[in-house]
*Asks:* 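Before anything else, here's the structure in question.
In what follows, every heavy atom counts, from backbone to side chain, and hydrogens, waters and symmetry copies are set aside. Source: prediction; values computed, not measured.
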Amino acid sequence: MIRALVVLSLALVVFRILSAAFVVTQPGFTDAYYYVDVARRLAHGQGLTADFIWNFLEAPRLEALPVPSHRFWMPLATVVQATGIAALEPVLGTFRSAQAAIIGVAAFVPAAAYAAARSIGASTRAALVAAGLAGLGGFTFAPAWVTLDSFAIAALVGTMFFVAFGRAAAGEVRAGAIAGALVGVLFLARAEGALFGVALLALVLRPSSRVSGIAGSAVALAIGLAWLVRGLALPGSPAIALVKGVFLVRYEDFFALTPSGSADLATLIGVRLSALGSDLVVALAALLLFLAVPLFLGLRAGWRHPAVRAFAALALLIYVAEGLIWPLHATRGSYFHSLAAFYPFAMALVALGGETWLARFERSARRLATYGTLAAVLILAVFGLTNWDASFNEPYRARVAALDLIPPGPFLAIDAAAWRWISDRSVLISPADGPRTAACVAIAYRVQSLVLEPAHFSAYQSLYDGEGSPWFGQGAERGGIRVYALNGNPGCLSPDLPVR
């Protein structure tokens, strides 16, 4: 079966390469643009720094560029991509070399799913099915495995955590230390990965696994604290990110220099209940709906295994934490990102549950159900790639087509990370506060242009509608993308004042 796993993994690598070659031909969305923008600087010896500002969390006092990066997002996806860029950029170019590193990580996701399935009692054939399901990814994760993001990294690390956790629960100290290291690494990929450490604390409560739990907790804590110390050493309050992410009820305010007011308790509760409902739909969609039943059967069949119980508890914990603590981010992709760490192990449970249920049928019926499921997941994977193309490649082409309208030099835009990549210039986010604050930021950074897209912060609606502004005058338009020139000083900053 090892040979079959190798052949399957190689076939899935080919599928990944084809997905990358024909669909995922550019970063696509803000997170991915950010990671690769900084990865290029890291690979070129400029450290974890950014010569653009995607959010004023990274320049709370309008500090001069470049600024320290990753004050909100975690660094591992950038580090992995920087490794690929450093090794392959002369041959493949920046984007493809970064993507090659991610595909290299994703190549091991099927093997991780196979190991997970075997660890909870699935047969070798069922484990191969788990590997195929995880590697294909379905509608939701087929594009994710080749995007310049943390999906593939979290999937591999999260799955191996559950495998190591099962052994740590049996009292293996080395497995406990490995599980702790995996929690630390997962935290460096996704901030909510720190919650996986709760499972290690549960081991400490049991006499039979106390030492392995302590070992794992110590390793995880050491890795996590090292990153947190880096954040504390940076200028500005480290609590800003927490406050912005937890207590806001308008997502736009996350991108404002001065968030607009506060909300009453009923609104805060309503936002969180809405996020829990939305996240539940996302979770079911990630399971392609029809896999939810075999997942439940797999949970029931494998419940005796500590790793299965840890999977269920952590999945519930992160679902609740995303919805209640970070509701605005959860509904805009954060919760979907967090599911990557669970997806391959979920496919292992699907394979176990399917095998258990199909055991009552004849061999031909079992084969038909198995191959039918794999075929359906493959079809949905292709559909997911098509959807990715429509969602991200078309806006990318529109931005590229409008690039020549923007005068030379840095400029303001709603997605600074994306425009930094496309224009190869420093870009500052247009603050959600509105044109007056945008003019202040423009003056501080010696910027002369503001770019508005069809998707823009609400405070810019009147300017986009052509009502004019004392501080910006429209210069050009193409495909709904409008370029404005700075023509006024609101008086908040002097043109001669250096960036603070």
*Asks:* When you compare the side chains of His44 and Glu89, does any donor N or O come within less than 3.5 Å of an acceptor on the partner?
*Replies:*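 Per modelled atom types, His44 and Glu89 side chains form a pair under 3.5 Å.
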*Asks:* Kindly write out the residues that satisfy ring pair (Phe, Tyr, Trp, His ring centres under 6.0 Å) with Phe29, not counting sequence neighbours, or none if the list is empty.
*Replies:* Phe392
*Asks:* Are the side chains of Val427 and Val451 in contact, using a 4.5 Å heavy-atom criterion?
*Replies:* no
*Asks:* Can you classify the ring geometry of Phe72 versus Trp54 as parallel (below 30°), tilted (30 to 60°) or perpendicular (above 60°)?
*Replies:*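 Plane angle between 30° and 60°, so tilted.
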*Asks:* Heavy-atom distance under 4.5 Å between the side chains of Met74 and Ser150, does that happen here?
*Replies:*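 Not in contact.
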*Asks:* Can you name the ring pair (Phe, Tyr, Trp, His ring centres under 6.0 Å) partners of Phe457, sequence neighbours left out?
*Replies:*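 Phe457 satisfies ring pair (Phe, Tyr, Trp, His ring centres under 6.0 Å) with Phe255 once adjacent residues are dropped.
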*Asks:* Report yes if the side chains of Leu291 and Thr373 come closer than 4.5 Å at any heavy-atom pair, otherwise no.
*Replies:*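 They are in contact (side-chain heavy atoms under 4.5 Å apart), so the answer is yes.
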*Asks:* Given side chain to side chain donor-acceptor pair (under 3.5 Å), test Ser69 with Glu58 step by step and report yes or no.
*Replies:* CA-CA 7 Å; Ser69 66; Glu58 294 193 347; 5.7 Å; no
*Asks:* For Phe196, check ring pair (Phe, Tyr, Trp, His ring centres under 6.0 Å) against everything at least two apart and list the hits.
*Replies:* Phe161, Phe162, Phe342
*Asks:* Does CZ in Phe108 sit with more than 12 non-hydrogen atoms of other residues, nucleotides or ligands closer than 6.0 Å?
*Replies:*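 Atom CZ in Phe108 is not crowded, with 12 or fewer foreign heavy atoms closer than 6.0 Å.
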*Asks:* Holding to side chain to side chain contact (heavy atoms under 4.5 Å, CB included), I want the full list of residues that pass it with Ala442, two or more places apart in sequence or in another chain.
*Replies:*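 Partners of Ala442 by the side chain to side chain contact (heavy atoms under 4.5 Å, CB included) criterion, ordered by chain and then number, come out as Leu412, Val447, Leu486.
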*Asks:* What residues form a side chain to side chain donor-acceptor pair (under 3.5 Å) with Thr78, not counting sequence neighbours?
*Replies:*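 Here the qualifying residues are His70.
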*Asks:* For Arg425, enumerate each residue passing the side chain to side chain contact (heavy atoms under 4.5 Å, CB included) test, keeping only those at least two apart in sequence or located in another chain.
*Replies:*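 In terms of side chain to side chain contact (heavy atoms under 4.5 Å, CB included), with neighbours along the sequence ignored, Arg425 is linked to Leu403, Ile406, Phe411, Ser423.
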*Asks:* Scan for side-chain hydrogen bond (donor to acceptor under 3.5 Å, both in side chains) pairs involving residues 15-31, sequence neighbours excluded, and state none if there are none.
*Replies:* Gln26-Tyr33, Gln26-Asn393, Thr30-Asp415
*Asks:* Tell me, please, which residues at least two apart from Thr49 pass side chain to side chain contact (heavy atoms under 4.5 Å, CB included).
*Replies:* Arg41, Gln46, Pro66
*Asks:* Please name all residues satisfying side chain to side chain contact (heavy atoms under 4.5 Å, CB included) with Ala152, sequence neighbours left out, ordered by chain then number.
*Replies:*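 Ile102, Val105, Ala106, Trp145.
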*Asks:* Of all the heavy-atom pairs spanning Ala292 and Leu284, show the shortest one and how long it is.
*Replies:* CB-CD2, 4.4 Å
*Asks:* Less than 4.5 Å apart, side chain to side chain, heavy atoms only: is that true for Leu148 and Tyr35?
*Replies:* no
*Asks:* Applying salt bridge (charged side-chain N to carboxylate O under 4.0 Å, His left out), can you list everything that pairs with Glu453, at least two apart in sequence or on another chain?
*Replies:*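 With neighbours one apart ignored, the set is Arg399.
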*Asks:* Does the side chain of Leu10 reach to within under 4.5 Å of the side chain of Phe15, using non-hydrogen atoms?
*Replies:* no
*Asks:* Just jot down the salt bridge (charged side-chain N to carboxylate O under 4.0 Å, His left out) partners of Glu192, sequence neighbours excluded, or say none.
*Replies:*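 Glu192 satisfies salt bridge (charged side-chain N to carboxylate O under 4.0 Å, His left out) with Arg190 only.
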*Asks:* Does a donor on one side chain sit under 3.5 Å from an acceptor on the other, for Ser334 and Glu322?
*Replies:* yes
*Asks:* For Phe139, check ring pair (Phe, Tyr, Trp, His ring centres under 6.0 Å) against everything at least two apart and list the hits.
*Replies:* Phe383
